[in-house]
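Contents: one structure, followed by commentary.
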2 protein chains.
Amino acid sequence: MSGLSDDLLQALREVVGEAGLITDAERMQSYLSDWRGAYRGQAAAVLRPASTEEVAAVVRLCAQAGVALVPQGGNTGLCGGSIPDDSGAQIVLSLTRMKRIRAVDVGNETITVEAGVILQQLQETAAEVGRLFPLSLGAEGSCTVGGNLATNAGGTAVLRYGNMRDLALGLEVVMPDGRIWDGLRGLRKDNTGYDLKHLFIGSEGTLGIITAAVLKLFPAVRSLTTAWVALPSPQAAVELIGQMRSLCGDRLTGFELMSRQSVEFVLRHVTGVSDPFAEAHPWYVLIELSDTQPNAPLNEMLEQGLGTAFEQGVALDAVVAASDAQVRALWALREGISEAQNHEGPSLKHDISVPVSCIPDFIARTDQALQLAFPGVRIVAYGHVGDGNLHYNISKPVGAEDGPFKAQAEAIMRVIYDQVLEDAGSISAEHGLGQSKRLAAQHYKAPLELELMARVKQVLDPAGLMNPGKLL
Amino acid sequence: MSGLSDDLLQALREVVGEAGLITDAERMQSYLSDWRGAYRGQAAAVLRPASTEEVAAVVRLCAQAGVALVPQGGNTGLCGGSIPDDSGAQIVLSLTRMKRIRAVDVGNETITVEAGVILQQLQETAAEVGRLFPLSLGAEGSCTVGGNLATNAGGTAVLRYGNMRDLALGLEVVMPDGRIWDGLRGLRKDNTGYDLKHLFIGSEGTLGIITAAVLKLFPAVRSLTTAWVALPSPQAAVELIGQMRSLCGDRLTGFELMSRQSVEFVLRHVTGVSDPFAEAHPWYVLIELSDTQPNAPLNEMLEQGLGTAFEQGVALDAVVAASDAQVRALWALREGISEAQNHEGPSLKHDISVPVSCIPDFIARTDQALQLAFPGVRIVAYGHVGDGNLHYNISKPVGAEDGPFKAQAEAIMRVIYDQVLEDAGSISAEHGLGQSKRLAAQHYKAPLELELMARVKQVLDPAGLMNPGKLL
């Protein structure tokens with residue numbers, strides 16, 4: 001049974017209708033844990049409003065009753081940001097029924113969508129009008145635009161197109177008191193005061209509830225080249241991306257780094273993949289060039305860049321995909337890492353960033369510090385070189401037990417984050433803080449920054465009912 | 001004589017030294033009015049700190065004494081944002097002595113600069129390491145990075161590279177209480193909480209004083225093509241930019257619209273320019289394509305795009321610059337408009353934006369409404385089509401007196417801004433609010449937005465000593 005008063009329940013039911021109110025324990029389950037099953041909570045109810053006005057009415061009622069709200073999209077986050085606490089007193093506010101494409105303005109190169117639109121549907125809608133919506137990430141088949149905005153999602157196309165923050169022109173937000181901020185403007189220039197949208201983007205639902213957004217569209221890609229390149233070191237990757245970027249400019253739309261360890265896990269556990277090379281190499285990058293022109297000479301450009309790289313010993317071997325199937329096969333090696341690592345026992349995930357130029361030294365230092373403190377741990381390092389973003393994940397030593405390894409999680413994290421701090425990096429590059437990293441952020445962020453964040457939270461959500469226990 | 005207490009003056013002198021303190025009325029003059037001479041104020045003193053620590057000490061002393069500060073860079077703003085009020089009680093804090101390039105990190109594609117660095121020097125420093133810093137605007141020879149950040153400067157390269165906001169990765173800010181926020185991180189991904197830098201960028205010095213920034217660099221441009229195209233209408237410009245963008249993608253780095261009236265003023269008043277065409281056309285665009293590749297086939301691409309445009313009647317005539325001198329000559333036609341207009345009497349400037357797709361209807365509606373209300377006024381419309389940004393300036397009717405025309409300024413502004421509001425546009429696309437537009441913003445922005453801005457101001461600068469009378 002719900003812990004909410006009958007009056008409140010009745011009022012909420014009147015707003016969202018029977019279809020929008022779930023209090024049945026069984027039916028609530030899928031809203032109470034994330035897709036990986038890493039986080040689980042309890043809720044007094046799950047609400048599924050179908051419009052901005054319904055969201056606003058729900059927020060108003062909950063504000064009056066002092067009930068906390070946990071906004072939720074596709075529930076694909078990795079830090080527990082959309083999962084309620086254990087009290088059973090919070091309400092999960094699922095935005096998944098708000099999935100209208102409100103407008104496509106080709107002349108303005110924008111699309112206006114509601115928070116519950118699935119990222120993949122957004123990509124497809126853009127493609128239908130000959131445009132690209134570039135945000136691309138593993139969960140794109142189920143994550144929602146609202147979640148992408150609330151967590152400032154990243155992914156593999158950030159190198160060229162930026163994070164979700166960079167793709168948003170305007171927002172519609174329900175404020176903590178239930179008022180609707182209509183900031184749904186499709187403007188590329190607007191200097192009439194503080195840029196409020198940037199407060200809400202990346203705030204993980206702690207300042208208000210994003211219900212819709214105006215997003216940028218880009219010209220469709222008509223030429224594409226994908227290559228898999230073996231490298232001697234992370235330093236080589238940093239040199240190669242510099243050369244390729246200088247040569248190709250914005251045509252360089254993907255540059256993904258993987259350690260041999262990462263690729264080995266994929267080769268071992270993912271079916272249907274194979275090593276593009278006969279011999280093993282210590283590091284690999286997946287390079288993607290694209291162009292709006294059909295038949296653009298991307299292969300020539302790639303060969304030119306790689307030719308120089310071979311001469312300088314920056315690249316050791318390379319293969320260029322000759323078909324769409326080969327493109328998919330190369331990406332499968334990259335995208336299989338996360339899943340493959342799960343087959344090797346618990347995976348301690350660290351989504352960090354440092355300046356691009358610091359990557360080689362960061363990896364060298366951190367590898368050494370970890371092996372010194374936790375001999376034999378297997379380091380699964382991969383990520384987006386151009387963003388300085390590494391998924392620096394750790395698997396247990398061969399033959400070790402899960403329990404003792406998991407008990408070291410906190411200590412391992414500290415070793416890694418301490419090195420991040422030395423490079424003035426970030427302990428959460430693209431995943432956000434959610435539940436899992438908020439305490440670490442309290443430790444690793446500057447006190448003044450934490451104070452400013454707390455003051456902003458205080459002034460926008462003084463009652464603290466917006467996704468409490470997350471981020472801050 | 002300064003209105004400051006002897007104790008405060010002495011304390012400030014100890015911080016900034018004799019070289020950093022100006023109280024002499026004569027020597028203060030250049031800090032008390034903007035370069036156009038449109039705004040003039042008084043000040044108790046002008047301070048010129050040479051380091052972040054000095055800025056912090058000054059802010060601390062002024063906070064204790066309750067003295068308001070007006071931060072100032074190159075003093076090239078168009079809205080009076082860096083000019084003190086008439087009270088003589090405020091202190092102008094000039095950042096122009098803080099002009100160190102602190103670091104150039106080619107591997108990270110970033111440059112770290114102090115607030116007083118001149119934009120042109122920043123562009124040149126980038127070029128020296130084979131990179132591009134893309135922000136480009138008329139005042140680049142004297143405007144400073146701090147001012148560019150405080151006003152979120154725009155200009156002609158926004159189409160491809162974004163506003164100043166999009167070019168900044170990290171900031172160093174002296175808070176209103178004198179504490180230093182060290183947010184000087186060169187990270188392309190950092191999701192560890194609210195993005196504080198976006199609060200300060202575009203805040204016109206009302207929330208704190210930006211003392212340094214980490215900015216993005218881009219690959220150098222190695223091929224460039226510039227064309228001058230005659231068009232029948234603004235609608236044709238919107239169609240042409242859509243086609244060119246789809247065809248050329250990121251190679252389209254400039255697309256400037258000018259009415260015949262604008263160009264006529266330049267031809268009449270600027271020496272050394274000439275009409276590229278034998279006959280007059282109603283509208284023109286200046287198109288720039290660029291590429292990181294040397295000898296990129298930009299002319300072929302341009303001809304392809306224009307060929308289609310001629311067939312469809314979207315373009316009427318075109319000339320492609322065949323030399324650097326011709327490139328400069330075409331840009332001179334665009335860049336001469338503002339100065340040329342001054343020769344035709346008072347120029348009422350309106351820096352507005354609407355969605356790109358709304359430009360044609362906006363111009364048609366507003367032209368009509370203006371001619372109905374103020375017959376004979378000459379409309380000098382030009383701007384950045386891809387940004388939806390029009391400089392929709394007004395000159396008096398031929399033969400009219402200055403006085404009565406200037407008396408209509410407010411009424412003319414209302415007609416224009418009312419039309420902006422209809423398209424959910426912005427009354428200040430790139431110039432900011434400063435003194436001149438803050439009251440208009442109070443009228444045209446939504447009450448909730450103004451309230452949120454006021455609450456943010458209140459929580460960060462409760463004493464209201466940071467550039468009072470500006471923006472809010």
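Below, read A as the first sequence line, B as the second, and so on, with proteins coming before strands; counting in each chain starts at 1.
- Residue B:Asn152 touches chain A through both its backbone and its side chain, counting heavy-atom pairs closer than 4.5 Å.
- Considering only heavy atoms from C-beta on, B:Glu451 stays 4.5 Å or farther from A:Met175 through its side chain.
- Contact of A:Leu471 with chain B is made through the side chain alone, with heavy-atom distances under 4.5 Å.
- The shortest non-hydrogen separation linking B:Leu247 to A:Gln293 is O-NE2, 3.0 Å.
- Neither the backbone nor the side chain of B:Arg438 has a heavy atom closer than 4.5 Å to any heavy atom of chain A.
- The candidate with the highest count of non-hydrogen atom pairs below 4.5 Å against chain A, out of B:Arg222, B:Lys437, B:Glu204, B:Arg251, is B:Arg251.
- At a heavy-atom separation below 4.5 angstrom, chain A is approached by B:Trp181, B:Asp182, B:Arg185, B:Gly186, B:Leu187, B:Arg188, B:Lys189, B:Asp190 within residues 181-190 of chain B.
- With chain B as partner, the option from A:Ile201, A:Val106, A:Thr206 having the largest number of non-hydrogen pairs under 4.5 angstrom is A:Thr206.
- For A:Phe362, the ring-ring contact (aromatic ring centres under 6.0 Å, His included) partners at least two apart in sequence or on another chain are A:Tyr392.
- Of the listed residues (B:Gly202, B:Gly154, B:Gly425), the one with the most heavy-atom contacts under 4.5 Å to chain A is B:Gly425.
- Only the backbone of B:Leu217 comes within contact range of chain A, judged by heavy atoms closer than 4.5 Å.
- Heavy-atom distances place both the backbone and the side chain of B:Leu433 under 4.5 Å from chain A.
- Just one of B:Leu452, B:Val456, B:Leu196 meets the side chain to side chain contact (heavy atoms under 4.5 Å, CB included) condition when paired with A:Leu199; it is B:Val456.
- The candidate with the highest count of non-hydrogen atom pairs below 4.5 Å against chain B, out of A:Pro355, A:Gly107, A:Ser353, is A:Pro355.
- Pairs passing the salt bridge (charged side-chain N to carboxylate O under 4.0 Å, His left out) check and including a residue from residues 235-246 of chain A, sequence neighbours excluded, read A:Arg245-B:Glu109.
- Looking at A:Asp250 and B:Arg160, a side-chain N of the basic residue comes within less than 4.0 Å of a carboxylate O on the acidic one, giving a salt bridge.
- Between B:Asn108 atom CG and A:Cys358 atom SG the span is 7.0 Å, to the nearest 0.5 Å.
- The distance from atom CG of A:Leu132 to atom OG of B:Ser246, rounded to the nearest 0.5 Å, is 11.5 Å.
- For residues 442-450 of chain B, heavy-atom neighbours of chain A at less than 4.5 Å comprise B:Lys445, B:Leu448, B:Glu449, sorted by residue number.
- Checking B:Asn191 against A:Ser428 by side-chain atom types alone, no donor-acceptor pair falls below 3.5 Å.
- The candidate with the highest count of non-hydrogen atom pairs below 4.5 Å against chain B, out of A:Gln458, A:Arg131, A:Lys457, is A:Lys457.
- Note that CZ of B:Arg455 and OH of A:Tyr194 are 14.0 Å apart. Values are rounded to the nearest 0.5 Å.
- Using a 4.5 Å heavy-atom threshold, the side chains of B:Lys197 and A:His198 count as separate.
- Looking at B:Val459, the atoms closer than 4.5 Å to chain A (heavy atoms on both sides) sit in the backbone and in the side chain alike.
- Chosen from B:Asp166, B:Thr110, B:Ile359, B:Asp291, the residue pairing most often with chain A at heavy-atom distances under 4.5 Å is B:Asp291.
- Chosen from A:Gly162, A:Gly432, A:Ala441, the residue pairing most often with chain B at heavy-atom distances under 4.5 Å is A:Gly432.
- If you tally non-hydrogen atom pairs under 4.5 Å between each of A:Leu460, A:Asp387, A:Leu159 and chain B, the highest count goes to A:Asp387.
- Listed options A:Pro297, A:Ser426, A:Gly388, A:Ala440 were ranked by heavy-atom pairs under 4.5 angstrom with chain B; first place goes to A:Ser426.
- Taking each heavy atom of A:Gly249 and B:Pro219 in turn, the nearest pair found is CA-CG, 4.1 Å.
- One finds the OG1 atom of A:Thr192 at 10.5 Å from the CG atom of B:Asp351 (value rounded to the nearest 0.5 Å).
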